[in-house]
Amino acid sequence: MDLEVRISEIRAQLEAETNTPPACPPEQQRRWERLRSKYVGREGMVRELFGIVARLPADQKAAAGRRVNEFKAEIEARLNGAAPAPVAAGPAVDKTLPGRAPEPGRRHPVYRTWEEIVRLFQRLGFDVVYGPEIETEYHNFEALNIPLEHPSRDAFDTFYVRKPYLLRSHTSPVQIRTMKERKPPIRVIAPGKVFRPDKPDAGHSPMFHQVEGLMVGEGVTFAKLKGVLDLFAKSMWGPDTKIRFRPSFFPFTEPSAEVDVSCFICGAKGCPACKQSGWMEILGSGMVHPKVLENCGIDPEKNTGFAFGMGIERIAMLKYGIPDIRLFYENHFGFLRQF
Ligand code: DAH
């Protein structure tokens, strides 16, 4: 067969196969692969042309060989570049890729825990109240029986804005605001951000969250505090959870107690999470100091109250087994997706 005739036939066929733009980039890729093997591959049409060359008389072979190589280059050029880019106008959308499921947002573990705590106390009849994050020394300290220049201030290291304003170092000032606004009986829960100039480490963050609880009225006893916190612990960690009160000191409560829950990881037998003690500290609490009631215009002869305050991150860490408080603020998806 005549070489030039066959070349024109192949060229015509190639043009016919490449004159429509491919539907999309992967289609272009697939077409390129298919045509390359069909035309210039090991079993392809160019190979057939070399077969024709081989059968030519010896004096024509060199020229014919060059001719076929030229044509091969022409085919490759057409396959590579000449095929028009399919979706030159508009964004490159690959309709053949599997869809990406949208990932809806989800609640941050701190706010999940916040809501869980708040909802529980709401069911017990507590109102949710809020106070400002920028507080006065009076509300953050003095009214809570933490006098100016008193060493007990040191326990509440504080970010000052400009005296007398500061970033509240606990949610306890919301107790003061509430008692000044409302008359007993009072039952409130006050969640929010608090700030302390602590160097971040596994257990500290300069900003974290607390929930404050306050109940004031006639006949509000330490026994009631125990009952409420026992319920809280059981609902948070399961019905077998036990709590224990350890005597402690806070200027705004008398008596004061720190509260531990039985370690739900080892069942109070002792493990690394509870430092072999079987118990984990969850909050501070006590009976509202008579002076604090007085500071708010409540008669301590008639009324008594209990209060408690807990760190939400700490509760979440204990609930979910999170080893480092900084994980809450780094917001890596790998961490957040687990909740
Ligand atoms: N405000 C305390 C703190 O930040 C926690 C606390 C202790 C709150 C005892 C209370 C309480 O209401 O009664 O460390």
Side-chain angles (χ1 to χ4, degrees), residues 114 117-118 121 126-133 135 137-147 150-159 166-180 186-198 203-217 220-229 232-233 243-261 280-293 295-296 298 300 303-315 325:
W114 165 319
I117 298 169
V118 163
F121 284 102
F126 285 69
D127 288 342
V128 185
V129 294
Y130 302 94
E133 289 168 4
E135 261 297 4
E137 283 183 312
Y138 173 76
H139 291 93
N140 199 77
F141 293 127
E142 282 167 75
L144 286 163
N145 202 29
I146 314 173
H150 190 277
S152 63
R153 277 279 170 106
D154 298 351
F156 301 90
D157 236 1
T158 310
F159 281 119
L166 45 77
L167 297 182
R168 67 178 178 191
S169 57
H170 50 179
T171 43
S172 301
V174 189
Q175 289 187 34
I176 304 300
R177 291 181 177 274
T178 306
M179 286 190 281
K180 282 178 181 268
I186 293 170
R187 248 184 307 184
V188 293
I189 189 100
K193 286 181 169 34
V194 300
F195 307 85
R196 291 181 193 180
D198 287 329
H204 294 86
S205 161
M207 185 284 298
F208 59 101
H209 300 78
Q210 284 189 337
V211 173
E212 193 81 11
L214 174 70
M215 179 162 171
V216 181
V220 176
T221 60
F222 201 96
K224 290 202 170 146
L225 171 66
K226 277 187 163 179
V228 166
L229 293 182
F232 164 72
I243 57 170
R244 110 181 149 175
F245 286 73
R246 270 181 298 108
S248 183
F249 173 80
F250 299 102
F252 33 91
T253 45
E254 182 56 38
S256 304
E258 276 172 316
V259 175
D260 301 339
V261 287
M280 301 200 274
E281 186 194 323
I282 54 163
L283 55 83
S285 66
M287 299 305 291
V288 180
H289 198 291
K291 269 209 212 153
V292 175
L293 294 175
N295 289 342
C296 301
I298 292 175
N303 296 284
T304 50
F306 68 68
F308 57 87
M310 66 185 102
I312 299 181
E313 280 83 348
R314 181 164 176 81
I315 302 290
I325 194 171

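One-based numbering, in listed order, for ligands and for the atoms of each. Nothing fancy with the numbering, it's 1 onward along the sequence.
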J.: Among G286, G309, G311, P251, whose heavy atom sits nearest atom 8 (C) of ligand 1?
T.: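 Among G286, G309, G311, P251, the closest heavy atom to atom 8 (C) of ligand 1 comes from G309.
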J.: Kindly determine whether D157 and R196 satisfy salt bridge (charged side-chain N to carboxylate O under 4.0 Å, His left out), including the steps that lead there.
T.: CA-CA 6 Å; D157 236 1; R196 291 181 193 180; over 6 Å; no
J.: Set out, in order, the CA-CA distance, both residues' side-chain angles and the distance that settles ring-ring contact (aromatic ring centres under 6.0 Å, His included) for F308 and F232, then state yes or no.
T.: CA-CA 12 Å; F308 57 87; F232 164 72; 7.4 Å; no
J.: Going by the order shown, which atoms of ligand 1 are within less than 4.0 Å of some heavy atom of F250?
T.: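 Under 4.0 Å from F250, ligand 1 has these atoms: 7 (C), 9 (C).
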J.: Check H209, E212, E133, K193 against T171 for a side-chain hydrogen bond (donor to acceptor under 3.5 Å, both in side chains) and give me the one that passes.
T.: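 The single option meeting the side-chain hydrogen bond (donor to acceptor under 3.5 Å, both in side chains) with T171 is E212.
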J.: List every atom of ligand 1 that sits less than 4.0 Å from any heavy atom of F252, numbering the atoms from 1 in the order shown and giving each element.
T.: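 Counting atoms of ligand 1 from 1, those under 4.0 Å from F252 are 1 (N), 2 (C), 6 (C), 7 (C), 8 (C), 9 (C), 10 (C), 11 (C).
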J.: Which residues pass the salt bridge (Lys or Arg N to Asp or Glu O under 4.0 Å) test with D198, sequence neighbours left out?
T.: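 D198: no salt bridge (Lys or Arg N to Asp or Glu O under 4.0 Å) contacts found.
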J.: Tell me which pairs pass salt bridge (charged side-chain N to carboxylate O under 4.0 Å, His left out) where either residue lies in residues 250-259, with sequence neighbours left out.
T.: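 Residue pairs with at least one partner in residues 250-259: R246-E258.
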J.: Pull out every atom of ligand 1 sitting under 4.0 Å from any heavy atom of A307, numbered as shown with elements.
T.: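 Contacts of ligand 1 toward A307, numbered from 1: 12 (O), 13 (O).
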J.: For ligand 1, which atoms have a heavy atom of T253 less than 4.0 angstrom away?
T.: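 Those atoms are 13 (O).
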J.: For N295 and N145, indicate whether the former's side chain and the latter's backbone hold a donor-acceptor pair under 3.5 Å.
T.: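 No; zero donor-acceptor contacts below 3.5 Å.
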J.: Would you mind listing which atoms of ligand 1 come within a distance below 4.0 Å of any non-hydrogen atom of S172?
T.: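 Going through ligand 1 atom by atom, the ones under 4.0 Å from S172 are 1 (N), 8 (C).
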J.: Please could you name the atoms of ligand 1 that Q210 approaches to less than 4.0 Å, counting only its heavy atoms?
T.: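 Those of ligand 1 that fall under 4.0 Å from Q210 are 3 (C), 4 (O).
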J.: Out of H170, M310, Q175, R196, who gets a non-hydrogen atom closest to atom 14 (O) of ligand 1?
T.: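 It is R196 that holds the nearest heavy atom.
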